[in-house]
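Chain letters run A, B, ... following the sequence lines, proteins first and then strands; every chain starts at 1. Since this is a predicted model, take the numbers as computed values, not measurements.
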Protein chains: 8
Amino acid sequence: MLDLLRAVKNGGLSPAEALEKLRFQPFEDLGYAKIDHQRGIRQGMAEVIYGAGKTPEQICGIVAHMREKGARNILVTRLSPQGAERLASESVLEYHPIPRLGIVEREKDQALTGAVVIASGGTSDMAVSEEAALTAEVLGNRVIRLYDVGVAGLHRLLAHLGELAAARVVVAVAGMEGALPSVIGGLVDCPVIAVPTSVGYGANFGGLSALLAMLNSCASGVSVVNIDNGFGAGVLASRINQMPGIAG
Amino acid sequence: MLDLLRAVKNGGLSPAEALEKLRFQPFEDLGYAKIDHQRGIRQGMAEVIYGAGKTPEQICGIVAHMREKGARNILVTRLSPQGAERLASESVLEYHPIPRLGIVEREKDQALTGAVVIASGGTSDMAVSEEAALTAEVLGNRVIRLYDVGVAGLHRLLAHLGELAAARVVVAVAGMEGALPSVIGGLVDCPVIAVPTSVGYGANFGGLSALLAMLNSCASGVSVVNIDNGFGAGVLASRINQMPGIAG
Amino acid sequence: MLDLLRAVKNGGLSPAEALEKLRFQPFEDLGYAKIDHQRGIRQGMAEVIYGAGKTPEQICGIVAHMREKGARNILVTRLSPQGAERLASESVLEYHPIPRLGIVEREKDQALTGAVVIASGGTSDMAVSEEAALTAEVLGNRVIRLYDVGVAGLHRLLAHLGELAAARVVVAVAGMEGALPSVIGGLVDCPVIAVPTSVGYGANFGGLSALLAMLNSCASGVSVVNIDNGFGAGVLASRINQMPGIAG
Amino acid sequence: MLDLLRAVKNGGLSPAEALEKLRFQPFEDLGYAKIDHQRGIRQGMAEVIYGAGKTPEQICGIVAHMREKGARNILVTRLSPQGAERLASESVLEYHPIPRLGIVEREKDQALTGAVVIASGGTSDMAVSEEAALTAEVLGNRVIRLYDVGVAGLHRLLAHLGELAAARVVVAVAGMEGALPSVIGGLVDCPVIAVPTSVGYGANFGGLSALLAMLNSCASGVSVVNIDNGFGAGVLASRINQMPGIAG
Amino acid sequence: MLDLLRAVKNGGLSPAEALEKLRFQPFEDLGYAKIDHQRGIRQGMAEVIYGAGKTPEQICGIVAHMREKGARNILVTRLSPQGAERLASESVLEYHPIPRLGIVEREKDQALTGAVVIASGGTSDMAVSEEAALTAEVLGNRVIRLYDVGVAGLHRLLAHLGELAAARVVVAVAGMEGALPSVIGGLVDCPVIAVPTSVGYGANFGGLSALLAMLNSCASGVSVVNIDNGFGAGVLASRINQMPGIAG
Amino acid sequence: MLDLLRAVKNGGLSPAEALEKLRFQPFEDLGYAKIDHQRGIRQGMAEVIYGAGKTPEQICGIVAHMREKGARNILVTRLSPQGAERLASESVLEYHPIPRLGIVEREKDQALTGAVVIASGGTSDMAVSEEAALTAEVLGNRVIRLYDVGVAGLHRLLAHLGELAAARVVVAVAGMEGALPSVIGGLVDCPVIAVPTSVGYGANFGGLSALLAMLNSCASGVSVVNIDNGFGAGVLASRINQMPGIAG
Amino acid sequence: MLDLLRAVKNGGLSPAEALEKLRFQPFEDLGYAKIDHQRGIRQGMAEVIYGAGKTPEQICGIVAHMREKGARNILVTRLSPQGAERLASESVLEYHPIPRLGIVEREKDQALTGAVVIASGGTSDMAVSEEAALTAEVLGNRVIRLYDVGVAGLHRLLAHLGELAAARVVVAVAGMEGALPSVIGGLVDCPVIAVPTSVGYGANFGGLSALLAMLNSCASGVSVVNIDNGFGAGVLASRINQMPGIAG
Amino acid sequence: MLDLLRAVKNGGLSPAEALEKLRFQPFEDLGYAKIDHQRGIRQGMAEVIYGAGKTPEQICGIVAHMREKGARNILVTRLSPQGAERLASESVLEYHPIPRLGIVEREKDQALTGAVVIASGGTSDMAVSEEAALTAEVLGNRVIRLYDVGVAGLHRLLAHLGELAAARVVVAVAGMEGALPSVIGGLVDCPVIAVPTSVGYGANFGGLSALLAMLNSCASGVSVVNIDNGFGAGVLASRINQMPGIAG
């Protein structure tokens with residue numbers, strides 16, 4: 001829309017044309033679902049389909065349309081094993097069962113840049129961590145995984161100080177007491193994206209305990225995304241990692 | 001009561017006598033307040049007065065009665081500066097303004113045993129930490145204070161590994177994200193008592209964030225007391241520190 | 001880590017060696033899962049596997065590796081009946097269906113010391129109570145079970161005053177109004193570990209009612225672990241029960 | 001209204017008359033406040049003024065109007081000391097500062113019937129307990145006060161089993177863990193009215209902890225009123241205590 | 001216990017005998033379950049088994065033992081259709097599928113006394129309402145059912161003013177906005193027991209909306225039991241309805 | 001903006017002009033505050049100043065600027081008595097202390113149309129009710145006030161069925177159990193705007209109890225605004241009351 | 001009831017007759033369910049059956065009775081596919097699977113009047129949106145659907161300014177951050193009905209996030225219905241859309 | 001610490017020296033307060049003092065010590081007017097009363113780089129917005145303020161599309177419904193830091209409504225900091241804005 005309004009302002013577009021364009025529906029409507037060209041993802045050379053609540057048929061239909069338009073590196077989140085099986089019969093699919101994430105026509109030899117560290121507290125946080133890691137990779141970022149570095153075993157975290165020091169951005173994933181982002185935030189100078197997970201039981205309340213702990217972090221440079229939102233953390237990490245340097 | 005029932009069981013007391021004793025009011029009733037001989041504290045050679053909600057006159061009256069009975073080392077919690085001033089005019093009072101805690105007729109050269117570490121995240125947790133520390137000291141425990149060792153500055157905590165290793169019990173006091181007990185719980189083998197504080201703002205919700213984080217600690221050996229309950233943590237730490245060895 | 005850092009300090013280890021050791025992964029990585037040598041449990045001569053979220057194959061694999069290293073008395077928590085059946089076909093397994101807990105190669109004639117009382121409010125709290133009791137037993141503690149002694153039938157609790165008086169530590173398990181730890185805390189002088197359970201309905205809110213009641217206990221010496229966390233209570237009870245006496 | 005509708009039904013009143021009566025405003029409107037003839041209280045020979053949010057002048061004005069109509073035994077709840085002072089200068093006032101409750105023109109030698117036990121956990125619950133007790137007394141009930149019988153000191157409660165056994169209804173007032181109604185509910189066969197108080201700190205959340213505990217009571221015959229609602233408990237206790245026997 | 005202690009007091013029992021009796025387990029322990037002789041129910045000539053969480057085999061075993069002791073009018077709450085089928089094959093069972101409640105060997109021609117009105121807001125509250133109604137009936141109370149008299153259709157409620165006027169106690173059952181007890185509380189002078197139900201959706205939060213509304217009722221004489229606790233309301237209503245008149 | 005975009009669409013405005021207009025700041029910036037020409041209010045011939053958080057000087061300055069532009073009927077919400085005193089010294093002010101609302105240069109003989117009923121549960125809801133009523137009146141609506149018609153005294157509400165039947169829209173204001181909108185919603189066919197108030201205590205939680213009750217209303221045609229938002233209810237009631245008839 | 005009371009007042013009905021009529025049960029009772037002639041819907045020429053919790057047999061029975069009385073345009077909400085299949089075998093049924101809504105004997109060529117815009121944030125809100133839209137249509141309103149116009153893609157919303165400008169009432173449906181009603185409320189002058197949906201995950205808490213956002217809307221003219229309550233929004237939108245013009 | 005451990009690793013430091021350094025207290029302890037050299041801030045050439053909870057004397061003492069060490073550009077957050085007055089008498093202080101923030105010895109002609117946009121919903125969010133803006137400026141960032149661009153007046157936001165398009169990072173501050181970050185997130189491609197404020201009333205619950213809305217934002221690239229945490233947002237914005245470009 002920005003481009004559009006600038007074009008109007010610059011005279012490159014008449015108001016009538018602008019309004020026509022505004023009315024033009026940029027989503028292909030397949031009846032059962034609109035093809036979701038996720039804004040902001042596009043610049044990273046990838047497309048995204050939110051798989052949750054869509055039938056295998058619908059997902060396959062959307063992928064087919066995208067591929068006709070020449071898309072590749074298509075990310076499908078929250079993709080069930082059944083959906084993956086169906087999709088694999090029609091496309092070249094790389095499927096990751098733990099984060100339930102599929103990548104259609106993944107680009108080979110994709111150049112990966114920068115350094116995004118994904119750190120997580122326990123193996124049970126792996127689904128969310130991998131959703132973040134694979135999202136960032138598909139968007140062209142070099143990812144370093146530091147899993148099972150929870151705060152109750154500090155030596156495991158301290159063994160990786162080198163990787164942390166080299167990070168341009170850290171995604172810290174944790175459930176239960178959600179302390180990992182605070183500890184990491186005290187060790188690094190780069191931005192830290194905290195992802196609370198719903199892992200835990202009892203007074204965990206579906207991730208609320210970790211969420212509140214992260215919002216109250218006493219470390220600087222920490223911000224928080226929604227519970228279990230590995231995808232969102234991966235996209236944001238990509239944006240920060242790929243920041244161009246400040247011009248002169 | 002235990003003694004009483006045992007006496008009945010052992011024949012040392014008739015049921016009628018037992019019931020009479022049960023009916024006997026072991027609290028002196030001063031009209032405006034009953035003298036609170038805090039159970040469980042007694043064995044530590046100290047008496048406790050909860051100062052909250054009592055007028056300076058009432059506190060002085062209770063102290064006077066206790067001293068008549070020969071009590072010393074009397075702990076007065078939540079004692080206002082006004083109450084302290086009044087009390088100091090009648091008794092030998094040691095007053096600590098930050099935890100608002102007074103000690104009447106403190107025993108000199110009290111023997112202190114064992115090792116209770118009180119660790120806290122920030123200087124703003126000092127009121128609660130000192131309430132725990134002074135309570136434990138009055139009950140005869142040797143206390144080591146490690147303040148301002150919050151998890152966002154790990155080097156400050158790691159500089160004190162020796163003290164932590166020597167502890168028989170650790171009281172970990174923290175507000176905000178409440179991560180300190182988890183980190184300490186991963187470093188020591190002794191019991192850790194976690195005390196959430198109401199320090200913080202925003203989504204801290206009066207200490208709820210720290211409380212939930214501590215209950216969800218992924219470290220073993222951690223248990224939790226109520227928000228800001230430094231006194232309770234001090235009493236419990238004393239009980240654990242002064243555990244006799246297992247017979248045989 | 002403590003030992004490691006002391007070794008560095010004492011000159012028994014060069015920094016390079018220390019860092020190498022820090023980097024050395026003490027967990028065997030089987031690909032699908034890391035073998036979890038639960039810290040703090042080790043001194044009790046037992047190993048622990050958290051069974052939740054692991055497939056029977058994974059659990060069997062981990063147990064096999066542990067046994068190769070000579071482990072016995074291996075505790076498997078949250079073990080499904082299916083997992084138990086599979087595990088029993090490969091190892092000598094003692095399986096407890098109510099707390100869903102398995103013990104592999106349980107040591108016969110294990111010496112049990114001290115006195116840990118596990119008290120619970122109702123038969124519906126038995127799963128959590130037994131998780132605590134068996135954990136404590138496997139760690140070498142003598143356990144006295146007082147079940148179905150809820151506060152609405154005081155005579156059942158008072159009939160066991162002798163056992164309570166002999167306890168070195170009490171684990172009080174209760175759902176619903178969570179009053180048991182307060183009542184017991186007023187009867188004993190030893191530490192009381194309160195375990196809220198999610199048993200109940202309506203305004204119980206998954207154990208929140210019992211949790212809040214226990215945190216607000218007016219008795220001294222009570223601390224709280226997470227909802228349904230029988231395992232954690234058992235570990236902490238063991239640490240307290242096995243406290244050595246204070247040296248001279 | 002019931003009488004009105006019955007009169008219409010029985011022909012004693014025409015519909016037009018009934019509607020006129022319905023429209024008739026039974027409240028005297030003094031401009032600044034309507035005189036609140038509390039329904040349901042009336043049969044207990046007492047009138048009630050909710051003092052909260054009314055100026056001393058307004059309260060005096062309302063009392064004056066009531067007395068003109070011949071009222072005595074007028075209960076004024078939440079009456080500030082200032083309001084009491086002003087009111088005492090114009091009426092015969094009995095003022096109770098702890099529950100902030102005034103009784104105007106209290107009937108001498110009022111007959112008191114039945115047996116309402118008001119039990120409370122600690123001295124800090126006294127304001128709410130006394131609001132309940134005085135309300136019940138003014139409504140003509142014999143009240144037995146058992147204060148400071150909290151569950152952490154069972155012997156104090158058990159010393160009063162005789163009074164509990166004689167009660168027709170018990171009002172159990174408690175803050176913090178709110179366990180008193182459950183314990184009493186297990187000891188008596190009569191109805192128990194539980195009153196949570198906002199006394200406490202930390203995770204007490206303004207009385208929520210006691211409220212939830214009471215709603216989840218495992219004892220039969222317990223029901224709950226709002227936090228700090230001593231007045232409501234007193235009115236309900238009066239209704240139950242004064243129940244006539246079942247005819248035939 | 002009361003009787004026991006009185007016997008001790010009156011000399012009818014030696015302390016040793018009393019303690020023996022206290023230690024005597026009045027519950028038969030069948031291994032898988034203890035027979036729950038619900039206190040307070042006994043005087044109403046009925047026995048209660050909480051069916052939730054028990055297998056059909058366990059329930060049948062408990063019933064068999066009770067019948068051996070001569071019990072009839074045995075109430076089984078939360079009884080599944082499968083459990084009912086099994087139980088009916090061994091006993092004379094009256095089963096009510098909506099409240100999932102069974103009555104074994106129901107006494108014929110049981111005398112019913114007094115007047116308990118059970119009023120409910122909608123047909124979806126019927127399960128809870130019937131649990132209350134049948135419980136009260138089995139305990140010997142005459143029950144009047146006023147269902148589907150929700151506040152959004154006042155004429156349906158007003159059509160039953162006569163029944164309300166004749167009640168000795170009203171049980172008001174409602175979900176959603178929970179307003180029924182307040183409206184009824186303004187129409188009657190007898191005690192009103194409010195039962196919130198979990199019926200509803202959205203911001204109903206499992207009955208929390210109705211629970212809070214009922215606790216905040218502006219009508220006098222209203223008290224509240226736990227969400228969906230029809231059984232508890234029935235027991236309490238029975239106690240109030242069967243109150244004897246005040247002596248002298 | 002709508003007009004603007006239509007003008008662009010209709011050719012009455014060039015895009016450049018449109019963008020210029022968009023950039024034009026329609027708010028006068030006085031430095032300390034921007035004059036808030038409340039959108040949507042304008043059509044009702046009134047202006048609004050939110051007084052909360054503004055000093056008397058700032059409010060006077062804003063009023064002065066508005067009057068220069070010819071405004072009258074200026075509503076000032078949440079205006080403190082101090083602010084009112086100051087404002088009255090410079091303008092013709094009608095001040096209502098209970099809702100803390102001022103009207104500057106109120107139009108005399110303003111035509112009032114339609115029928116907006118404002119009903120409230122108790123006198124303590126009067127501040128919110130009057131904020132709604134006065135807002136609606138200043139916007140040109142005829143307002144009928146039915147105060148103190150709470151559901152615990154149905155006869156008072158039923159005495160006003162005529163007024164309710166004549167309403168085009170009802171604003172139902174209630175605290176505590178928040179039942180009034182449900183009862184009214186069952187009596188009328190027009191839209192009902194429910195306003196929860198923070199009046200109450202205990203488990204009222206600042207209006208949450210009334211809010212949840214209103215959202216769960218079982219009556220049709222009820223919608224809810226924020227707690228204590230009398231102003232918002234007044235504006236919405238005005239919009240509905242002044243709806244033109246459907247063309248054709 | 002209104003008509004009834006007016007008749008009494010006007011003399012057209014004797015009180016006895018009125019009471020008889022009040023007692024007359026206007027609901028047909030089929031035993032398993034009462035036929036629910038939804039008040040307020042009637043004037044819109046439609047009948048409503050709440051399908052939730054009713055068996056297909058019950059729904060078919062209710063429909064049969066309604067049709068005997070001549071009803072058509074019968075709305076069945078929350079109708080399962082199984083129920084629809086059964087119902088379609090007996091009646092002319094139009095079934096909408098996404099909102100799970102059926103219309104029996106839908107009137108052909110029903111006149112639709114006014115303009116109700118249903119706007120929604122995402123395709124996942126479609127079930128709730130369609131429940132609102134179809135309800136409004138069956139009640140005789142012209143409905144304009146603007147789906148997938150969420151605030152994170154403003155151009156999609158701005159492309160429909162014309163439709164918004166023409167609306168007499170807008171229903172704004174949104175989950176997640178619930179911002180749509182605020183944005184639309186700033187663009188239109190007509191009433192906006194906000195419907196929060198439970199769509200989302202993590203800290204969405206079943207629609208609570210959207211609900212709170214909508215209650216706190218900074219736009220005027222916005223009110224809120226319960227989470228997922230598309231039916232309620234449709235009914236209210238119909239009432240507002242069909243408001244007659246103000247007389248005189 | 002990172003540097004330290006690297007030095008150990010690289011041989012530049014012996015372990016003994018490293019441990020000595022670890023033990024060395026880098027904070028000057030003034031007795032009443034430790035000088036807080038905020039980690040992570042240092043690189044931005046500024047020092048920070050958290051003023052909350054410190055007396056004017058303490059703040060002046062800390063500033064004096066910092067200045068002795070040559071510090072300038074010292075940020076003092078949450079500084080009361082009294083503290084500012086005192087501090088200004090001893091130092092060159094620039095004080096901002098709305099965000100209660102002081103800058104001591106502010107560097108003149110400080111070079112500002114990049115582009116940080118601070119956007120806020122209303123004038124009442126200005127305290128938090130200015131805390132973020134001034135923090136970012138002192139840390140060397142060029143800041144563009146877009147205040148009063150709330151979502152209920154979209155034209156005000158759209159008038160600033162140019163500034164938004166030029167931003168390297170946006171801080172979006174909003175209370176009430178918290179929708180601003182979602183709308184901005186849909187317009188820009190750079191990271192968006194959302195700051196909920198406690199501005200609002202009723203169901204705002206101290207900023208909870210805005211917090212939940214922001215966590216549930218449907219726009220990509222949005223993360224959240226704690227309620228009212230303008231300082232934290234400013235620090236994080238600085239880190240992102242000053243990211244160097246990716247090498248190679």
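Annotation: E85(G), atom CD; neighbour count of heavy atoms from other residues, nucleotides and ligands within 6.0 Å does not exceed 12. Around the CG atom of L112(H), the shell of radius 6.0 Å holds more than 12 heavy atoms that belong to other residues, nucleotides or ligands. When the shell of 6.0 Å around CZ of R106(G) is examined, it contains more than 12 heavy atoms from other residues, nucleotides or ligands.
When L180(H), L154(H), V151(H), V183(H) are each tested for a side-chain contact (heavy atoms from CB on, under 4.5 Å) with V151(G), only one passes: V183(H).
Scored by the salt bridge (charged side-chain N to carboxylate O under 4.0 Å, His left out) test, R78(H) finds E131(H) as partners (sequence neighbours excluded).
Expressed to the nearest 0.5 Å, how far CG of L215(H) lies from CD of E177(G) amounts to 11.0 Å.
Against chain G, the residues from residues 193-203 of chain H that qualify, each with a non-hydrogen atom under 4.5 angstrom away, are Y201(H), A203(H) in number order.
The shortest distance between side-chain heavy atoms of M176(G) and S217(H) does not fall below 4.5 Å.
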